[in-house]
**Q** 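Here it is: the structure, laid out below.
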Amino acid sequence: MYLIRMDSLGLSSKCIEYIFIFSSLFALIEIGIILKTKRDYKRRIVSIFFFPYILTVLSLTLLDRIPFPNYRYNLTIFWSYENFNYTFWQNGRQVVCNIIMLLPFGFMLPFMLEDTKYKKFGYYTPILAIIFSSLIEVTQLITKRGFFEFDDIFHNSMGALLGYYIYLFYRSLKEF
């Protein structure tokens, strides 16, 4: 058995290297487009952060996990709230982290689509977040690289919805 170095998020050093390499290449391409076109720079800057964010989420939830020998799932809805007072540091921390995980998704996606021909998809951000979270959970179940739970889908969706409301608040301030 060998040891893998992990950072504070729980990502292996190899995974961090890949995220850095792909994100750097993507950032260079986006910066080149910004310099060439001299427009849409706000949207492109947000997309520079969105790409590494998505890679980090996928790494935390799928790529950087060791498969279990069997399928792991809990189909009980809101099970994480049972005995919430007794196991706050275990369940509470997981609930908060799942909410925070897709909060940037809810803010950045509609921001990136704001001035494009795909602007209408920005309004579907909460639905896209549910789909994204569901795909992660189903992939975790199929590949045995995680714990399938409806609670995770719910909490991730709530985080994306909160991020979307932050975006709407930002946009209302901008128009005011």
Side-chain angles (χ1 to χ4, degrees), residues 1-27 30 46-84 87-113 121-122 124-167:
M1 186 167 157
Y2 58 93
L3 295 174
I4 299 175
R5 276 191 1 205
M6 302 287 220
D7 75 341
S8 61
L9 287 176
L11 294 173
S12 70
S13 57
K14 196 61 158 172
C15 201
I16 291 171
E17 289 175 23
Y18 288 129
I19 290 172
F20 179 75
I21 290 169
F22 288 121
S23 299
S24 298
L25 289 173
F26 183 75
E30 286 290 337
V46 171
S47 72
I48 288 172
F49 292 104
F50 189 71
F51 185 71
Y53 159 72
I54 292 294
L55 285 177
T56 303
V57 167
L58 292 176
S59 296
L60 285 170
T61 57
L62 295 170
L63 304 174
D64 210 26
R65 290 189 172 190
I66 299 169
F68 291 100
N70 53 357
Y71 296 102
R72 299 176 68 196
Y73 55 89
N74 189 343
L75 302 179
T76 307
I77 298 175
F78 302 124
W79 76 270
S80 55
Y81 294 103
E82 296 171 4
N83 301 323
F84 195 75
T87 58
F88 178 75
W89 288 113
Q90 294 166 351
N91 290 347
R93 187 177 68 186
Q94 185 176 357
V95 167
V96 170
C97 287
N98 279 326
I99 290 171
I100 291 171
M101 185 166 54
L102 284 192
L103 192 140
F105 184 94
F107 178 78
M108 288 193 275
L109 185 65
F111 191 91
M112 288 182 345
L113 299 173
F121 289 112
Y124 299 116
T125 297
I127 294 169
L128 294 173
I130 291 170
I131 293 169
F132 182 60
S133 180
S134 298
L135 286 173
I136 289 172
E137 292 296 316
V138 168
T139 306
Q140 283 180 341
L141 179 66
I142 292 170
T143 62
K144 302 179 186 177
R145 291 183 179 264
F147 198 76
F148 177 89
E149 315 176 52
F150 288 118
D151 282 10
D152 284 355
I153 296 170
F154 175 74
H155 295 127
N156 291 158
S157 302
M158 290 300 103
L161 189 61
L162 180 61
Y164 185 65
Y165 285 143
I166 292 170
Y167 162 76

**Q** About how many Å separate CD1 of Ile54 and OG of Ser59, when rounded to the nearest 0.5 Å?
**A** 11.0 Å
**Q** How far does CD of Glu149 sit from CG of Leu75, to the nearest 0.5 angstrom?
**A** 10.0 Å
**Q** For Tyr124, is the OH atom crowded, meaning more than 12 foreign heavy atoms sit under 6.0 Å from it?
**A** no
**Q** Search all heavy atoms of Gly122 against all heavy atoms of Pro110 and return the closest pair with its distance.
**A** O-CB, 3.8 Å
**Q** Do Arg65 side-chain atoms and Leu60 backbone N/O form a donor-acceptor pair below 3.5 Å?
**A** yes
**Q** How close do Phe26 and Ser47 get, counting heavy atoms only, and between which atoms?
**A** CE2-O, 3.2 Å
**Q** Between Phe111 and Phe50, is any pair of side-chain heavy atoms under 4.5 Å apart?
**A** no
**Q** So do the side chains of Phe148 and Asn74 get within less than 4.5 Å of each other, counting heavy atoms only?
**A** no
**Q** Side chains of residues 97-109: which donor-acceptor partners sit under 3.5 Å, not counting sequence neighbours?
**A**
from: Asn98; atom 1: ND2; to: Gln94; atom 2: O; distance (Å): 3.3
from: Asn98; atom 1: ND2; to: Asp152; atom 2: OD1; distance (Å): 2.7

**Q** Taking atom CG of Leu113 and atom OG1 of Thr125, what is their separation to the nearest 0.5 Å?
**A** 7.0 Å
**Q** To the nearest 0.5 Å, how far apart are CG in Leu62 and CG in Leu135?
**A** 10.0 Å
**Q** Drop me the distance from Asn156's CG to Asp151's CG, to the nearest 0.5 angstrom.
**A** 10.5 Å
**Q** Under a 4.5 Å cut-off applied to non-hydrogen side-chain atoms, are Phe132 and Val57 in contact?
**A** yes
**Q** Would you list the pairs meeting side-chain hydrogen bond (donor to acceptor under 3.5 Å, both in side chains) in which at least one residue belongs to residues 134-146, sequence neighbours left out?
**A** none
**Q** Distance check, rounded to the nearest 0.5 Å: Ile127 atom CD1 versus Leu161 atom CG?
**A** 11.0 Å
**Q** Checking Phe49 now: which residues fulfil ring pair (Phe, Tyr, Trp, His ring centres under 6.0 Å) with it, not counting sequence neighbours?
**A** none
